[in-house]
Amino acid sequence: MRGSWWYNAPRHKTQLTESMAIKLFIPGPTVVSDAILAELSAPMISHRSKAASELQKRISDNLQKVLFTQNRILLSTSSGSGLMEGAIRSCTAKRAAVFSIGAFGDKWFKMAKTNGVPADKFSSTMGEPTTPEMVDAALSTGKYDLITVTHNETSSGVQNPVEEIAEVMKKYPDVVWCVDAVSSAVGSKIETDKLGIDVLITSTQKALALPPGLAIAAVSRKAYDRTEKVENRGLYFDLRNLWDFIDKKNYQYTSTPCLSLMFALDAQLRHIIDEEGIEARFARHEKMAEFTRAWADEYFRVYPNRKYLSKTLTVIDAHPKGKDELISVGELNKALAERDMQIGNGYGDLKDKTFRIAHMGELTMDDMKEVTSAIVDILHLA
Ligand SMILES: *Cc1c(COP(=O)(O)O)cnc(C)c1O
């Protein structure tokens with residue numbers, strides 16, 4: 001029943017994985033390989049066992065490698081948003097400056113507000129980055145003791161200039177710097193310690209190419225020390241509680257974690273480090289990004305400011321060159337579904353004005369060629 005592919009997908013073999021019916025070019029969840037899907041069916045262990053400690057230590061060591069950090073790794077059984085909320089609540093003692101360049105920056109601000117965390121939002125025009133000047137201007141007021149920055153804004157396709165922002169942050173050593181790298185980490189290189197990021201957050205279902213369900217944070221001692229000054233940190237997402245518990249219980253977690261995802265994360269990290277190689281993974285993402293942008297330039301227009309393009313997804317103006325009307329992304333996706341593929345529609349305010357092609361996780365150049373030539377074919381662009 002092709003008409004109902006989104007909830008009743010046909011099961012047959014594809015290039016990437018036998019159990020996957022639709023090849024996902026959406027910015028999460030991304031395609032999960034068969035080998036990793038198999039890890040999810042491993043038998044349970046006690047989360048209070050030596051095996052659990054060893055598993056979680058290995059995950060922590062390997063996440064430190066791919067995130068280029070010596071900071072403490074904290075996991076939470078939630079999607080990435082859980083630790084974003086936990087970070088702004090646990091580490092803001094005075095007032096947070098939230099830099100927003102789209103939907104996910106706005107969400108971080110909403111998390112602050114709904115948790116009673118004092119915060120101000122500094123927005124950029126859609127398609128534009130957070131500039132180092134904006135950060136400097138806000139912090140020079142002395143009002144803020146925490147900032148949040150989106151590394152890769154999945155709604156606009158902008159990758160923020162975190163290297164330049166890092167230079168400004170050197171002037172403000174007491175400010176805790178939180179970065180949302182949910183849709184970029186492990187696909188686009190972020191040198192956490194070199195940049196001086198205090199809380200770097202990602203989740204499993206994007207460039208890590210795992211099912212959704214775990215949030216990952218790399219947390220600095222400075223961020224940890226800050227939590228002592230914050231009275232109401234909540235409990236489940238309290239970074240201090242997580243940190244202390246791991247210390248005391250040899251990498252074990254406060255509550256029962258999703259062990260199946262931990263088995264999968266452990267295997268995927270070993271695949272990334274030992275089989276593909278982290279630098280090769282970044283290079284593959286870069287190549288897919290360059291290809292997709294060049295294709296978009298030929299037939300459409302890349303939506304964001306070209307100086308700040310994401311390496312894990314391309315947001316494209318839904319207006320084909322030389323045509324009068326916008327394409328219908330919904331209709332395009334129906335036609336792509338006939339070919340067992342799916343791309344992303346625009347997000348939030350950009351819903352009908354743009355479409356999004358993710359090139360993250362386990363996708364390859366062949367996949368990018370397949371989806372882009374299918375779009376040309378379906379829309380009769382050539
Ligand atoms: C997907 C995404 C999130 C939310 O992550 P969840 O794991 O869905 O909670 C946050 N920020 C960005 C930039 C994202 O792309």
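Source: prediction; values computed, not measured. In each ligand, atom 1 is the first atom listed, and ligand 1 is the first ligand listed.
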_For S140, all residues meeting side chain to side chain contact (heavy atoms under 4.5 Å, CB included), sequence neighbours excluded_ = Y172
_Could you work out, with side chain to side chain donor-acceptor pair (under 3.5 Å) as the rule, every residue matching R284, not counting sequence neighbours?_
E276
*Worked verdict on S220 versus D198 for side chain to side chain donor-acceptor pair (under 3.5 Å)*: CA-CA 5 Å; S220 72; D198 295 299; 2.8 Å; yes
*On the 0 to 90° scale, with breaks at 30° and 60°, tag the F99-F122 ring pair as parallel, tilted or perpendicular.*
parallel
*Output the rest of the hydrophobic cluster of I101: all Ile, Leu, Val, Met, Phe, Trp and Tyr residues reachable through side-chain heavy-atom contacts under 4.5 Å, sorted by chain and number.*
V158, Y308
*Cluster link I327 to V315, ILVMFWY, side chain under 4.5 Å*: no
Measure from every N or O atom of ligand 1 to the protein's N or O atoms and keep only the pairs below 3.5 Å, writing each with atom names and distance to 0.1 Å.
{"from": "ligand 1", "atom 1": "7 (O)", "to": "G80", "atom 2": "N", "distance (Å)": "2.8"}
{"from": "ligand 1", "atom 1": "7 (O)", "to": "S203", "atom 2": "OG", "distance (Å)": "2.8"}
{"from": "ligand 1", "atom 1": "7 (O)", "to": "Q205", "atom 2": "NE2", "distance (Å)": "2.9"}
{"from": "ligand 1", "atom 1": "8 (O)", "to": "Q205", "atom 2": "NE2", "distance (Å)": "3.3"}
{"from": "ligand 1", "atom 1": "9 (O)", "to": "S79", "atom 2": "OG", "distance (Å)": "2.5"}
{"from": "ligand 1", "atom 1": "9 (O)", "to": "G80", "atom 2": "N", "distance (Å)": "3.2"}
{"from": "ligand 1", "atom 1": "9 (O)", "to": "S81", "atom 2": "N", "distance (Å)": "2.8"}
{"from": "ligand 1", "atom 1": "9 (O)", "to": "S81", "atom 2": "OG", "distance (Å)": "2.5"}
{"from": "ligand 1", "atom 1": "11 (N)", "to": "D180", "atom 2": "OD1", "distance (Å)": "3.3"}
{"from": "ligand 1", "atom 1": "11 (N)", "to": "D180", "atom 2": "OD2", "distance (Å)": "2.6"}
{"from": "ligand 1", "atom 1": "15 (O)", "to": "T154", "atom 2": "OG1", "distance (Å)": "2.4"}
{"from": "ligand 1", "atom 1": "15 (O)", "to": "K206", "atom 2": "NZ", "distance (Å)": "2.7"}

